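Here the structure is a predicted model, which is why all the values come from computation and not from measurement. Below, all heavy atoms of this structure are taken into account, side chains as well, without hydrogens, waters or symmetry copies. Lettering follows sequence order; numbering is per chain, from 1.
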Amino acid sequence: MGPRIKLRIGKSTVFKTLVILFASACVIPLLAILGYIIKEGITKINWSFFVNVPKPVGEAGGGIANALVGSFIIVGVAAIMAIPVGILSGIYLSENKTSKLAYWSRLSVDILQGVPSIVIGIVVYFWIVKPIGSFSAISGSVALAIMMLPIIVRSTEETLKLLPDTLKEAALALGMPYHRMILKVILPCGIGGILSGVMLSVARIAGETAPLLFTAFGNPYLSTNITKPMHSLPLLIFNYATSPYDDWHNLAWGASLILLLWVLLLNIITKLTTRKWNIQL
Amino acid sequence: MEHTIVRTEKFNAYFGANHVVKDVNISIPKNNVVAVMGPSGCGKTTFLRCINRMHELIAGATCEGEMLLNNEDVYDMHPIFVRLKIGMVFQRPNPFPNLSIYDNVIAGYKLNGIKMAKAEKDKIVENSLSRAALWNEVKDSLHKKGTFLSGGQQQRLCIARAIAMEPEVLLLDEPTSALDPISTASVEELLFELKKNYTLIIVTHNMQQAARVSDRTAFFYLGELVEYDDTKQMFTNPKDTRTQNYITGRFS
Ligand SMILES: Nc1ncnc2c1ncn2[C@@H]1O[C@H](COP(=O)(O)OP(=O)(O)OP(=O)(O)O)[C@@H](O)[C@H]1O
Ligand SMILES: [Mg+2]
């Protein structure tokens, strides 16, 4: 072997090592965060942690039931609002690639994706909270739904765009009306990708705090009334972590772990659904 | 006197300003197999897609002239109705990937929301698959996804799906171009069978295939219908020099 080839092989080895090194570097922050939260959070979690609401300072045994229930409700209502709108817009965009409306809605979806969540919170505050005169869970849901929308729209559009035109033609050539083709052929074939987009959007907003500060606001008691202020996990973490009391810090750690597990679980489910529902074309 | 099922009168088709099918006059007798031939890009697919009104689905695509099915202009009928009467098989097999073999066959009913008794569905499925020469191969795996089949089987599944709707005319756009010789042979055999009940219009680049399966052949050149005659006549004694050149392989 000549020295030039040796040099090249040497260079390539160095390069490969660097790539592997940096690839592992991506994993380190995740592992560090996971490890830290689990270490701090796991000892704070027990039965009463799930079923009780926070106790006043100094009393032991408080829990995060109000925030847990609140998070589920706020995120659930947001999903109910965002999913149909998002999927329908996604269908429209994939079906009408060149229309003016498609151009503008694609643009606005892209911009919406970049709007800081706190700005969305403020806007919803002025649209809903102020006119009604009270903080409410539903206004928080609206803010979160706005944040989910671009993710759902884009993932639906991208998924459906990948379906071959021949599939649509097969349906239409059988005398199928347009709406049936969409509902019975296009949607079922793209369901894996659409579901994963929905799931990711839920995971994405589950930990959002800023838009809830001036909308859902928070509530020390367990509430299921969506027209009233409601607590949520990220709000609880924010409030308690910045408080001076150790008991409350503990709740915040526990809540952080729960939130983290929730998001992780959603990501895993997403991976599984895409695998299970992925349709071989 | 043969009964004419499809007839066109000065039929033209366009993609925007691109004039693709020019003043075509053709009469297609019932229960015949008509082969449509011609060099690539001469408008065969476009013409075929005009017959069942698939052409108009493409943005900017238009057509004019008369396209008659049993003396009634298909452009005066509802496109859905037209497509139920005139089935289509595409160049590449396109079974519905979300459906089983069974459901693919009755897709035209099922996806259109037509309710049927199980026995009736079973009958249609078995009948269509048998006529498409696929029944023996798939009768034990009817509830597997249609996309697990080989390319040739998928194409026969698509044929079964089309004939399950009992159309009067079946359009086939190069149905064997993606298939190996054995699958091609079985599809050709099937065309022979289908001729008894249907009128078939088949686009093909394969002259042997046209000679084997068709009663009449239409030769298109640059969007014009140059010659249309008995297949035998056309291959042994073409009248137009362009047809002659094509058949003798002077251009393709
Ligand atoms: N979707 C389309 N949009 C615009 N023009 C098209 C489209 N499809 C076909 N054309 C044009 O119409 C002409 C005829 O095309 P067509 O597909 O009918 O030819 P063909 O005879 O079927 O060719 P081939 O044997 O290659 O399948 C071509 O010149 C092509 O440029
Ligand atoms: Mg073609």
Side-chain angles (χ1 to χ4, degrees), chain A residues 87 90-103 105-106 155-198 273-281, chain B residues 45 48-49 51-60 77-99 103-114 144-149 154-155 157-158 161-167 170-173 178:
Chain A
I87 292 181
I91 293 174
Y92 177 83
L93 292 185
S94 76
E95 285 291 303
N96 301 274
K97 298 184 180 72
T98 52
S99 78
K100 268 231 166 67
L101 177 58
Y103 174 79
S105 44
R106 210 169 278 131
S155 65
T156 304
E157 183 194 359
E158 296 304 325
T159 306
L160 298 187
K161 259 208 241 160
L162 290 181
L163 297 178
D165 281 340
T166 54
L167 198 59
K168 287 178 211 165
E169 298 202 324
L172 294 172
L174 284 174
M176 230 173 272
Y178 185 78
H179 71 279
R180 282 199 167 267
M181 172 198 79
I182 297 287
L183 290 177
K184 300 285 177 171
V185 177
I186 297 302
L187 274 185
C189 289
I191 194 72
I194 295 174
L195 278 185
S196 81
V198 166
T273 44
T274 22
R275 207 167 302 159
K276 170 145 180 13
W277 291 77
N278 197 10
I279 284 180
Q280 221 62 48
L281 290 173
Chain B
T45 297
L48 208 64
R49 290 167 59 94
I51 303 178
N52 68 340
R53 296 190 60 173
M54 295 294 285
H55 179 62
E56 66 201 57
L57 297 172
I58 296 167
M77 302 179 202
H78 197 281
I80 288 176
F81 181 74
V82 175
R83 293 175 200 144
L84 288 173
K85 292 260 180 212
I86 307 177
M88 186 165 215
V89 175
F90 296 82
Q91 182 165 353
R92 311 194 121 265
N94 54 359
F96 297 117
N98 56 325
L99 299 183
D103 286 338
N104 257 291
V105 178
I106 50 163
Y109 299 95
K110 185 185 163 81
L111 302 185
N112 271 318
I114 298 168
K144 273 201 198 155
K145 291 267 184 292
T147 35
F148 285 130
L149 298 172
Q154 287 190 19
Q155 192 61 299
L157 177 59
C158 293
R161 177 177 71 188
I163 58 184
M165 302 304 291
E166 301 288 346
L170 193 57
L171 310 174
L172 305 114
D173 190 0

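- For OH of A:Tyr103, the number of neighbouring non-hydrogen atoms (other residues, nucleotides, ligands) closer than 6.0 Å is 12 at most.
- Between B:Ala107 and A:Leu174 the shortest heavy-atom distance is CB-CD1, 4.1 Å.
- Residue B:Leu57 touches chain A through its side chain alone, counting heavy-atom pairs closer than 4.5 Å.
- In terms of heavy atoms, A:Lys184 sits closest to B:Leu111 at CB-CD2, 3.7 Å.
- Not a single salt bridge (charged side-chain N to carboxylate O under 4.0 Å, His left out) links A:Lys97 to another residue, sequence neighbours left out.
- For the atom pair CE (A:Met176) and NZ (B:Lys110), the distance works out to 11.0 Å, reported to the nearest 0.5 Å.
- The number of heavy-atom neighbours closer than 6.0 Å to NZ of A:Lys161, taken from other residues, nucleotides and ligands shown, is above 12.
- The shortest non-hydrogen separation linking B:Met54 to A:Glu169 is CE-O, 3.5 Å.
- Heavy-atom minimum distance, B:Asn94 versus A:Thr166: ND2-O, 3.0 Å.
- Within 6.0 Å of the NZ atom in A:Lys168, the count of heavy atoms belonging to other residues, nucleotides or ligands exceeds 12.
- Contacts of B:Phe90 with chain A are made by side-chain atoms alone, with heavy-atom separations under 4.5 Å and no backbone atom involved.
- With a threshold of 4.5 angstrom between heavy atoms, B:Pro95 approaches chain A through N, CA, C or O but not through any side-chain atom.
- If you measure heavy-atom distances from B:Arg53 to chain A, you find no contacts under 4.5 Å at all.
- When all heavy atoms of A:Gly175 and B:Asn112 are compared, the closest pair comes out as O-OD1, 3.5 Å.
- Across B:Gln91, B:Arg92, B:Arg161, B:Met88, the residue that shares the most heavy-atom pairs under 4.5 angstrom with chain A is B:Arg161.
- Judged by distance alone, the side chain of B:Asn98 and the main-chain N or O of A:Pro188 form no donor-acceptor pair under 3.5 Å.
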